[in-house]
Amino acid sequence: MATLIDDAAAEQALTSSLMDVFEAQRRAYMDECPVSLDIRRDRLDRAINILMTHGDDLCDAMAADFLSRPRLMSMFSDIAPAVKALRYAKKHVARWMRPERRALEFPLGLLGARGEIRYHPKGVVGLISPWNFPVNLTFGPLAGILAAGNRAMIKPSEMTPETSCLMESLIGRYFDSKELCVVTGGVDVGRAFSSIPFDHMLFTGATSVGRHIMRAASETLTPVTLELGGKSPVLLSRTADIGQAAERIMIGKMMNAGQICLAPDYCLVPSEHMQEVHDELVAAAERLYPTVKDNADYTAIVNAHHKTRLYDHIVDARNKGALITDVNPANEAFSREDTDTVMPLHIIQRTTNDMTIMQEEVFGPLLPLVPYDSIDDAITYVNERERPLALYYFGKDRNEERLVLDKTLSGGVTVNDVVWHVGHESLPFGGVGASGMGAYHGHEGFLTFSHARAVYRQTGFNLAKMIGLLPPYGKKLKQTLRMQIGK
Ligand code: NAD
């Protein structure tokens with residue numbers, strides 16, 4: 001009982017300290033409005049400066065958190081995309097901010113009335129980020145958040161504590177806590193954080209946690225953007241260049257050891273090509289990573305919990321009849337019990353729907369191959385499952401490609417490769433259905449974190465009189481209605 005009371009008191013104290021920060025940011029935002037172009041650019045610049053000046057330190061922190069994570073890959077996957085996003089926003093923000101004139105219905109425009117959209121900062125944004133790309137998924141969204149003139153509170157992941165602490169101290173040095181601040185902690189902090197009445201909340205993480213976030217946000221009617229996960233399929237056409245596809249799939253799958261929201265989760269393969277595809281995938285993986293254990297270019301599984309989760313999938317699949325190839329070209333010793341969390345690629349065939357690996361997002365170096373007979377069967381297989389974050393089609397048949405894109409729905413698509421649609425600020429990034437809602441990146445990020453406020457300026461004419469809206473209603477109003485809808 002005492003513990004329950006202590007827990008409740010601690011949670012209340014936590015929420016109230018978060019509320020203090022939120023209210024201070026809110027007041028500062030209100031005082032500052034309108035948020036000038038110079039201020040927005042200055043904040044974007046400071047975020048860029050953090051990454052350009054301390055990128056190496058952040059990569060060291062990520063290496064420490066993962067125990068093994070290639071520094072160049074961290075530069076490519078975390079620092080560079082965030083810098084690019086922030087620079088893109090800085091370049092375009094002046095244009096994005098401009099009020100937009102809208103045509104009005106006849107004859108109001110002619111009579112001098114005016115309509116426009118003014119993009120207003122929403123206020124204080126709550127940003128919750130995951131561990132797999134801890135810097136990218138914290139600083140990347142700041143591009144849209146800061147360009148739109150907002151302030152933000154950030155809750156990074158407890159699974160990457162070194163990186164989260166470093167981001168907290170760097171952001172504390174470059175920003176006033178009333179502009180931008182980081183709150184570190186675990187699920188309890190996340191829970192308290194998501195109860196704050198933010199003006200918008202961006203959550204990146206698991207679909208299951210996304211449901212909690214949306215439930216919490218419903219109490220405060222906080223609008224949410226949910227960037228979630230899911231099982232992103234690869235559909236290999238009979239017209240695909242299998243060797244090329246296998247290498248591209250493996251590059252995307254094995255980067256960060258498959259711990260990517262957009263990683264190919266499973267491959268749909270024409271049944272007669274199963275063996276060839278399997279062999280090409282193995283060959284590509286062996287070429288890319290001739291050794292696994294002490295390979296400085298390979299990333300470890302983030303912690304023992306996730307490694308066990310992945311081995312559990314393997315055991316479950318094997319017990320249910322799967323055929324599993326572990327791609328271990330140098331014959332190194334790996335085991336579930338080993339404290340080392342590096343794990344080789346496993347290709348899994350003869351899968352069935354009751355296997356956990358076919359039900360949950362893999363998020364690691366396991367790749368199930370699922371045979372299909374006709375392209376319609378493959379499409380049905382995708383559509384019988386929750387809508388994925390991404391869909392990948394490999395093939396040369398443009399009609400078939402069109403059919404696949406027309407008949408399925410996913411957050412995004414890459415054709416003849418995997419993952420890369422995420423790398424372009426000119427394209428929106430987001431999920432659909434169970435893989436998320438809303439989008440950001442580039443202009444969509446600015447729009448997501450702005451309120452599109454309609455402003456209508458009335459004409460000098462006595463409009464109400466002209467259209468017969470002065471009681472008593474009668475002939476004139478009927479005439480107006482006839483003009484409007486023909487009735
Ligand atoms: P997670 O959902 O476990 O955690 C994400 C964040 O939410 C962390 O900061 C965590 O502390 C916080 N959190 C956890 N429980 C919470 C709760 N009840 N209330 C409030 N906050 C809570 O996700 P993860 O394990 O860090 O990341 C992996 C997942 O994220 C995968 O499913 C992956 O697909 C997804 N992901 C999606 C994207 C995307 O852009 N769509 C990008 C990266 C990762």
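In this text, all values refer to a predicted model and were calculated from it rather than measured experimentally.
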message: So for atom CZ, which belongs to Arg387, do other residues, nucleotides or ligands contribute more than 12 heavy atoms lying within a distance under 6.0 Å?
response: no
- request: Using a cut-off of 6.0 Å, state whether more than 12 heavy atoms not belonging to Arg350 lie near its atom CZ.
  value: no
statement: Applied to residues 327-337, the salt bridge (charged side-chain N to carboxylate O under 4.0 Å, His left out) test, sequence neighbours excluded, yields Asp312-Arg336
- prompt: Any side-chain donor paired with an acceptor under 3.5 Å for Glu100 and Tyr119?
  reply: yes
message: Between Asp397 and Ser237, do the side chains contain a donor N or O and an acceptor N or O under 3.5 Å apart?
response: no
- prompt: Can His200 and Thr225 be counted as having a side-chain donor-acceptor contact under 3.5 angstrom?
  reply: yes
field: Summary of salt bridge (charged side-chain N to carboxylate O under 4.0 Å, His left out) pairs that have at least one residue in residues 410-427, sequence neighbours excluded
entry: none
message: Closer than 4.0 angstrom, basic N to acidic O: yes or no for Arg238 and Glu400?
response: no
query: Can Arg102 and Glu105 be counted as an ion pair, charged N to O under 4.0 angstrom?
result: no
message: Can you tell me which residue among Lys231, Lys253, Arg385 is in a side-chain hydrogen bond (donor to acceptor under 3.5 Å, both in side chains) with Asp265?
response: Lys231
query: Would the Phe363 and Trp131 ring centres measure less than 6.0 Å apart?
result: yes
- request: With rounding to the nearest 0.5 Å, note down the distance linking CG in Leu288 to CD1 in Ile251.
  value: 5.5 Å
statement: The salt bridge (charged side-chain N to carboxylate O under 4.0 Å, His left out) partners of Asp56 (sequence neighbours excluded) come to Arg71
task: Show the numbers, then the answer: is there a side-chain contact (heavy atoms from CB on, under 4.5 Å) between Leu44 and Tyr88?
output: CA-CA 10 Å; Leu44 291 165; Tyr88 186 91; over 6 Å; no
- prompt: For the side chain of Asn150 and the backbone of Val124, is there at least one donor-acceptor N/O pair under 3.5 Å apart?
  reply: no
field: Carboxylate-amine/guanidinium contact Arg118 Glu116, below 4.0 Å
entry: yes
Electrostatic pair Asp42:Arg46 at N-O distance under 4.0 angstrom: yes
field: side-chain hydrogen bond (donor to acceptor under 3.5 Å, both in side chains): pairs with one or both residues in residues 295-308, sequence neighbours excluded
entry: His306-Arg309
query: Would a line drawn from the ring center of Phe133 to the ring center of Phe139 be shorter than 6.0 Å?
result: no
query: Among all residues two or more places apart in sequence or in another chain, which pass the salt bridge (charged side-chain N to carboxylate O under 4.0 Å, His left out) test with Asp406?
result: Arg402
statement: Contacts of Asp338 meeting salt bridge (charged side-chain N to carboxylate O under 4.0 Å, His left out) (sequence neighbours excluded), chain-then-number -> Lys293
